[in-house]
Amino acid sequence: MLQIEDLRVKLGEKIILEHIDMEIGQGETHVLFGPNGSGKTSLLMTIMGYPQYKVVRGRILFKGEDITELPMDERAQMGIGMSYQRPPTINGLKTYQMVEICAREEVDVKDLASRVNFQDFLERDINAGFSGGEIKRSELLQLMAQNPDLMLFDEPESGVDLENIALVGRTIASLLQRDNDHAVKGQKSKMQLKLERTKMGLIITHTGHILDYVTADKGQVLYDGRLSCISNPREILSCIGKDGYEECVRCIAGTS
Amino acid sequence: MHSRDELRQRAEKVREKKATLGPDIDLGQFDDAPVPHEYLADEELCQLPEEEQERLIMAGLDVTEKGRGGTFFQKDTTVIHCDTRQEGVEVLPIRKALEEHDWINEYYWKLVSVDTDKYTAAAELGLHDGYVIRALPGSKSIYPVQACLYVDKDGLQQNVHNIIIAEEDSELHVITGCSTSPHTKSGVHVGVSEFYVKKNAKLSFTMIHNWAEDMLVRPRSVGRVEEGGLFLNNYICMKPVKSLQMYPTTHLVGKDAVARFYTIIVGAPGSEYDVGGRIFLKERGDRAEIVARTISNGARIIARGHLIGEVPEVKAHLECRGLLLNGGVIHAVPELEGRVDGVEMSHEAAVGKIAQEEIQYLMSRGLSEDEATSTIVRGFLSVDIPGLPPQLKAEIDRAIEASDKDVM
């Protein structure tokens with residue numbers, strides 16, 4: 001379980017997140033909406049443990065442990081993983097090596113890569129000249145190898161062409177134990193599978209396209225560094241579609 | 001026949017001539033008197049002290065000679081082992097070649113001028129030995145020939161002259177190491193090398209330097225590549241050295257000739273390196289590439305590169321990247337010289353520290369900060385060298401892996 005309590009975060013001298021409370025229970029996936037610059041990526045980076053994002057109030061608990069001051073690598077080892085929108089290129093580090101790093105043990109890199117149609121990129125330097133869609137598939141491949149319990153997805157559908165959006169969507173669903181394969185292959189009922197689900201997800205999306213492939217338990221809107229409106233993700237999406245984020249401002253004004 | 005007397009006269013005139021680059025060395029402080037050593041048979045080679053064997057392995061010399069096409073091993077001033085294990089490849093000491101074969105005079109001092117500076121002069125006037133490696137026409141060698149120039153005597157000035165010839169349509173791989181014995185502290189190594197890559201031949205030359213902290217090193221190399229030839233020149237130096245200065249030059253004299261220079265240097269504190277590569281593209285279709293990766297841990301590194309396009313339809317690229325890990329200076333000097341319309345030449349140079357963003361990306365995958373840093377450094381040093389046999393690539397990787405501890 002991830003618990004965030006009354007979080008205030010500074011980037012440089014600026015407060016970028018304020019009064020953030022969030023709880024992602026075991027097996028739950030949440031979707032995070034919000035306009036550009038509202039702090040969505042900052043929230044993910046803070047959970048991941050990027051030291052530039054300074055927590056000045058509140059705390060973050062993961063699996064019952066206070067991780068607010070924990071360095072990133074230890075958070076990764078505890079089971080937090082992130083799919084980046086614009087990861088850096090590391091010259092000379094081959095993609096297959098990066099996948100091995102993520103796995104931390106012997107892993108059939110080629111087999112994993114074939115699931116996201118990425119075999120041809122394994123000998124390339126990680127992220128070097130990758131297109132938007134290639135970055136997404138590379139990030140998912142790394143997460144597959146890392147197999148974390150809490151996965152943070154920063155706009156997984158942005159820059160992905162139509163051909164690949166289904167692949168990306170289905171892979172995320174599989175990572176979060178929300179794909180049909182689980183249901184079909186197993187003997188268990190869907191309800192049983194849902195109860196046994198352990199993987200947690202937090203997905204940033206602008207368009208909501210990802211919801212066509214991944215079911216989510218809750219949706220939240222981040223606006224100007226504050227969370228509002230915990231609700232059914234589809235409902236939020238249609239509300240934003242109709243009334244825009246202006247409605248969220250009214251929500252925040254009402255609560256604080 | 002080339003007159004040795006004439007060469008000596010020319011050398012005499014420049015005995016005191018300082019080199020254009022690099023700090024001047026007072027050669028008078030070093031001893032260049034011959035140091036006799038016994039010749040070692042194959043089995044004796046394997047009985048060298050373990051410590052010594054390790055030093056040799058680091059410089060690419062495998063005493064078991066497994067997977068090697070031939071071996072040349074010079075200790076101080078004396079050749080202690082020399083053999084060929086592959087048909088079509090000749091390996092012989094240069095003094096022997098000069099005494100017994102007329103053909104060597106077509107190559108000896110034909111690319112490097114004997115009167116370049118005091119170091120070339122010393123190589124002629126006080127020649128100890130050196131190797132001649134020649135691939136006969138059409139021969140394709142599978143295993144690399146290994147050559148090692150070893151300095152055992154403290155305070156020695158070692159003067160060597162090497163000639164490498166890849167005859168028409170041949171393929172030759174050479175791995176050459178220079179090293180010092182564990183107890184050696186100071187000395188001078190003067191090494192003249194001349195490379196001949198003939199029509200449609202392929203030569204890869206990988207040099208691994210493994211010096212001591214107070215060694216002064218002055219290589220002087222020139223190569224010549226004919227039509228359709230390929231010359232790969234790799235240089236790796238991961239160990240401290242007091243001062244190293246070299247500016248190997250290659251002339252692409254036939255059309256569609258290719259030269260690629262790859263340099264990897266990890267500069268230790270107090271070490272000074274002035275290294276570079278210069279390639280002249282003289283015929284249509286010629287291509288050249290110079291890639292340098294340097295890391296400073298408190299060293300002073302000047303990384304030069306100079307590409308000269310003399311005719312249209314040539315292509316050349318220069319890449320010079322430096323990583324400052326622990327102080328020191330990296331000075332990149334990339335030069336492009338297009339002398340006619342229609343040349344295509346480019347360069348990229350970058351000097352800086354490791355990007356924090358890259359470290360954090362790896363940390364978010366579970367690596368500690370130190371592990372992340374060393375992963376990035378290893379990536380930085382691992383250059384893809386097209387055309388290099390996997391065995392030699394493994395040799396380079398081994399040198400990089402072994403230096404990992406020193407880098408951090």
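Every value quoted in this text rests on a predicted model; they were computed, and no experiment measured them. Residue numbers begin at 1 in each chain, while the letters A, B, ... track the order of the sequences.
- More than 12 heavy atoms of other residues, nucleotides or ligands sit less than 6.0 Å from atom NZ of B:Lys140.
- Side-chain contact between B:Leu362 and A:Met98 is present, with heavy atoms from C-beta onward closer than 4.5 Å.
- The part of A:Gln142 that comes within reach of chain B is its side chain, from C-beta onward, which places non-hydrogen atoms under 4.5 angstrom from that chain.
- A search for side chain to side chain contact (heavy atoms under 4.5 Å, CB included) contacts involving A:Pro71 returns A:Asp73, A:Glu74, not counting sequence neighbours.
- Checked by atom type and distance alone, the side chain of A:Arg104 pairs as donor or acceptor with a backbone atom of B:Gly366 at under 3.5 Å.
- The local environment of NZ in B:Lys393 is crowded, with over 12 non-hydrogen atoms from other residues, nucleotides or ligands closer than 6.0 Å.
- Ranked by heavy-atom pairs under 4.5 Å with chain B, the first of A:Ile90, A:Leu93, A:Asp125, A:Ile126 is A:Ile90.
- Heavy atoms of B:Arg293 lying under 4.5 Å from chain A are absent altogether.
- There is no contact between B:Gln356 and chain A, counting heavy-atom distances below 4.5 Å.
- Within the 4.5 Å cutoff, the side chain of B:Gln360 has heavy atoms near those of the A:Pro51 side chain.
- Here the shortest heavy-atom pairing between B:Ser382 and A:Gly92 reads OG-O, 3.4 Å.
- Interface summary for chain B: among A:Gly81, A:Pro88, A:Cys102, the most heavy-atom pairs under 4.5 angstrom belong to A:Pro88.
- Annotation for A:Arg124: atom CZ counts as buried by contact number, over 12 foreign heavy atoms lying within 6.0 Å.
- Between atom CE of residue B:Met363 and atom OH of residue A:Tyr50 there is a gap of 9.5 Å, rounded to the nearest 0.5 Å.
- By the neighbour-count criterion of 12 heavy atoms within 6.0 Å, atom NZ of A:Lys63 is densely surrounded, having more than that number from other residues, nucleotides or ligands.
- In this structure, A:Met82 CE and B:Tyr361 OH are separated by 10.5 Å, a value rounded to the nearest 0.5 Å.
- Proximity to chain B is absent for every atom of A:Met78, based on heavy atoms less than 4.5 angstrom apart.
- Using a 4.5 Å cut-off between heavy atoms, A:Arg75 makes no contact with chain B at all.
- Contact record, A:Gln146 with B:Arg365: OE1-CD, 3.8 Å, taken as the closest heavy-atom pair.
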